[in-house]
Amino acid sequence: MSLKIHQKKTSPKSTSTLPEADKWRQEAGLSLPEIDEQKALIVQMQQQVQLSNLLNQINNEIRSTLDIEQILTSACRLLGQALNCSRSSILVKESNTDKTLITRGEYNAGDYPIQLGMKVPVVGNPHLEAIISQQESLAVTKFIDFPGLNERSRKIAIDLEIKSMLAVATRYQGEVNGVIGLHQCDREREWTDWERQLLEGVAFQLAIAINQAKLYSQTLRQAEQESLLRLIGNQIRSTLDLNTILDTAVREVRQLLQCDRVIIYQFQDNWRGKVVVEDMSVPWPSILGDMGADKCFKGDYADFYQQGRVRAINDVFNANLEPCHIDFLDSLQVKANLIVPIVTSRNPEKSPKNSLNFDPELPGRLWGLLIAHECGDIRNWEQQEMELLSQIADQMAIAIQQAELYSQVQEAAVKSQAQTQQLQATLEELRSTQQQLIQSEKMSGLGQMVAGIAHEINNANNFIHANLFHTQEYVKTLTEALEFCGKACPEAGDAIAQINEELELDYIREDFPPLLNSMIEGSNRIRSIVTTLRSFSRLDHSEFKAVDLNEGLENSLLMLQNKVKSEIKINKLYGKLPTVKCHAAQINQVFYNLIDNALDAINSTKKPGELTIYTQVKETGWVTISISDNGPGIPAEIQHKIFDPFFTTKPVGKGTGLGLSVCYQVIVQAHGGKINCVSKVGEGTELIVELPIANQKG
């Protein structure tokens, strides 16, 4: 018999012609009924082999991995290819009590819509209710006409392009844990008994695989939960950045729970609050920020949450909630949510007795809520999910309290630092005032001494200067008298010639006028020095008046035109300045001294030079005048001395050392301004004068 079956199996063309069939039947000695029976046995054995091969392949997949998605996807592919259907999918119940199936595996033979990830409720879908209620498979040739389909189910069928369906429930120890569905999308299809038997045979094997994978998934999920708790705990220990901790927590929680949105809601006054942290998936909208108050939220709820109550709502619209609360959740597109409180240790300073958050009998302060949202469909929250969120909320409460304590420490440190800075500023101000007083006393005493010296020198010089003119006249008269005597008394000529030779009168007559000119020049120099000393000691006591500083610079430059050689380039960068109230003569003297020093510095290099005068208005209510040269510069070690009286870098006889001292006294003391020097050896010097526009000195 086995040999005949083998021949029948390996000779598919044996029944193609009647003579060959008759010949084979005659040789085998079989009747027509016996031949049909043999054919049926061969087909049956082929089907058994196909089923066995399919189960072996699925078993190999099960043994190779515990990843339920990989197992189910491979099983869908093997089924779809074996039965040549458009789509094969496996829907799984997340728990024994769950009334929603989610597509966890799919095979798509063409460019048909994807079903993977879709959640389908059992209630309201009569085909799913029928599949789950019976042991055998359900074969539907024209799915759109299945009795009892509601509009939503019809729309899903149209969207998925389902024309025919063959499906069976997978059962493990009598409990349904999934559904295997085959779809024909390109045509209506009559499902054969053998195809139904094949699907039912695979269902038993996959029920075991689904159960094992779910156990593995639960173990893995538990490990992930423990890992998440460790992660948050480590972050709390390693950082005091509360935002980082909370962001990490909501992101990891949403990924672990595979929900649509996770938020942290912080309470404020009168049970209003805002979402301070959020993580959500597309396409659900963000609700970050102030989302108002739930009008149904009462103090009683706060008491429950403050005592650690966890609230799981599987179906917002069928949980006996108050209408206003349903409307509030519906406005956030929430269909199911899981709420756990974040309760920190009671802190009377943060929660005063007149606050709604304070109750001395309750264990802690209700800081906020950790909430998981399911927006696409209802969801049966599991006990382990509630426990996980509660543990994470406890960790968050620790992080929040640490952050608040850290913030208090920081505030105290900032206050202490501010006090220290204020004391330091006060000390610096006192030191500055002391230095100014010392400088003022020094300048005042020096001014009195200089005034006295200048007065004595001027008195003595006045005698000399006033008599020099008369001396010139006397010398001229004596010279003329000698010449007249020589002409009037010829007999005295020899005597005069002898006297002239002995006393060198000719030389005296020739040298005496230049000598007198030198004396006059020296006297004028003394008078100039006395004038400078008087300016230093006394300054001009004219009244304050509004002055155009650019005009004063231009006049000072004009007065020094004789020092401006052809090889010196003058850059005038005058800004648009308002008039400034000041002592015009004093300010012009400052400009004159600064420009004079700059020209002297340039001329000392004996090279072509450049003088730049720059003015501008500062936003702080000051004007700035900068006079810079490209002269030899001033060494850093003596820059602090340049404003001291009688200090000069010029050669002996070329400067009094009072020019910059006068500038300092005029700008800083008389006008409340500033003067600074910026210089670098070999590059030049810049003197910067700053004057307040609204001068109060006048």
Side-chain angles (χ1 to χ4, degrees), residues 43-44 46-55 57-58 61 71-93 101-116 118 120-122 124-150 153-172 176-210:
V43 172
Q44 185 177 2
Q46 288 175 336
Q47 292 174 342
Q48 291 297 326
V49 170
Q50 186 179 8
L51 175 61
S52 178
N53 289 336
L54 186 59
L55 292 176
Q57 288 177 305
I58 293 174
E61 291 289 340
I71 293 172
L72 299 184
T73 300
S74 297
C76 289
R77 176 177 52 81
L78 294 171
L79 273 170
Q81 292 174 348
L83 296 181
N84 193 26
C85 59
S86 303
R87 183 194 299 112
S88 60
S89 57
I90 300 178
L91 290 74
V92 176
K93 291 177 68 176
L101 299 173
I102 180 171
T103 307
R104 300 288 294 274
E106 182 181 17
Y107 165 76
N108 200 313
D111 189 18
Y112 300 111
I114 302 299
Q115 184 181 351
L116 192 66
M118 180 180 291
V120 183
V122 175
N125 285 293
H127 62 292
L128 289 178
E129 294 175 345
I131 293 169
I132 290 175
S133 64
Q134 63 188 36
Q135 295 290 333
E136 65 275 8
S137 60
L138 175 66
V140 182
T141 300
K142 193 172 184 179
F143 183 76
I144 199 69
D145 292 337
F146 190 85
L149 282 183
N150 56 29
S153 300
R154 286 177 179 275
K155 185 178 185 306
I156 292 175
I158 293 172
D159 291 342
L160 294 177
E161 301 179 13
I162 303 173
K163 290 185 171 57
S164 299
M165 182 198 74
L166 175 63
V168 68
T170 59
R171 285 179 169 82
Y172 181 79
V176 174
N177 61 6
V179 170
I180 306 173
L182 305 179
H183 297 159
Q184 198 66 39
C185 300
D186 57 344
R187 57 186 170 83
E188 293 182 0
R189 175 172 177 172
E190 292 284 348
W191 304 97
T192 66
D193 291 340
W194 155 243
E195 290 168 341
R196 296 181 64 176
Q197 293 171 11
L198 179 66
L199 188 64
E200 291 168 3
V202 171
F204 175 75
Q205 196 70 20
L206 284 179
I208 299 174
I210 292 171

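Computed from a prediction, not measured in an experiment: that's the story for all the values here. Positions are given from 1, in the same order as the sequence printed here.
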Would Thr73 and Leu116 satisfy side-chain contact (heavy atoms from CB on, under 4.5 Å), going step by step from the backbone distance to the final call? CA-CA 10 Å; Thr73 300; Leu116 192 66; 5.5 Å; no

Give the C-alpha distance, both sets of side-chain angles, the deciding distance and a yes or no for side-chain contact (heavy atoms from CB on, under 4.5 Å) between Val92 and Leu101. CA-CA 5 Å; Val92 176; Leu101 299 173; over 6 Å; no

I'd like to know if Arg196 pairs up with Glu136 as an ion pair, taking the criterion as any Lys NZ or Arg NE/NH1/NH2 lying under 4.0 Å from an Asp or Glu carboxylate oxygen. no

List the steps and the verdict of salt bridge (Lys or Arg N to Asp or Glu O under 4.0 Å) for Arg77 and Glu106. CA-CA 7 Å; Arg77 176 177 52 81; Glu106 182 181 17; over 6 Å; no

Under the criterion side-chain contact (heavy atoms from CB on, under 4.5 Å), I'd like the reasoning laid out for Gln115 against Leu91: C-alpha separation, chi angles, the key distance, then a yes or no. CA-CA 10 Å; Gln115 184 181 351; Leu91 290 74; 3.8 Å; yes

Measure from the side-chain N and O atoms of Gln134 to the backbone N and O of Ser137, and report whether any donor-acceptor pair falls under 3.5 Å. yes

Would you say the side chains of Glu188 and Ser164 form a donor-acceptor pair under 3.5 Å? no

Between the main-chain N or O of Pro121 and the side-chain N or O of Asn125, is there a donor-acceptor pair closer than 3.5 Å? yes

Of all the heavy-atom pairs spanning Cys76 and Ser88, show the shortest one and how long it is. O-OG, 2.5 Å

Closest heavy-atom contact between Leu128 and Val122? CD1-CA, 4.3 Å

Aromatic contact between His127 and Phe143, with the criterion being ring centroids under 6.0 Å apart: yes or no? yes

I'd like to know if the side chain of Ser86 and the backbone of Cys185 have a donor-acceptor N/O pair within less than 3.5 Å. yes

Shortest non-hydrogen contact from Pro113 toward Arg87: O-NH2, 3.1 Å

Test your reading of the model: is there a side-chain donor-acceptor pair from Thr170 to the backbone of Gly178, 3.5 Å cut-off? yes

So if I apply the side chain to side chain contact (heavy atoms under 4.5 Å, CB included) rule between Leu166 and each of Ile180, Leu182, Thr141, which one comes out positive? Leu182

Could you go step by step and tell me if Gln184 and Met165 meet the side-chain contact (heavy atoms from CB on, under 4.5 Å) rule? CA-CA 6 Å; Gln184 198 66 39; Met165 182 198 74; over 6 Å; no

Using side-chain heavy atoms (C-beta onward) and a distance below 4.5 Å, is Ile162 in contact with Phe146? no

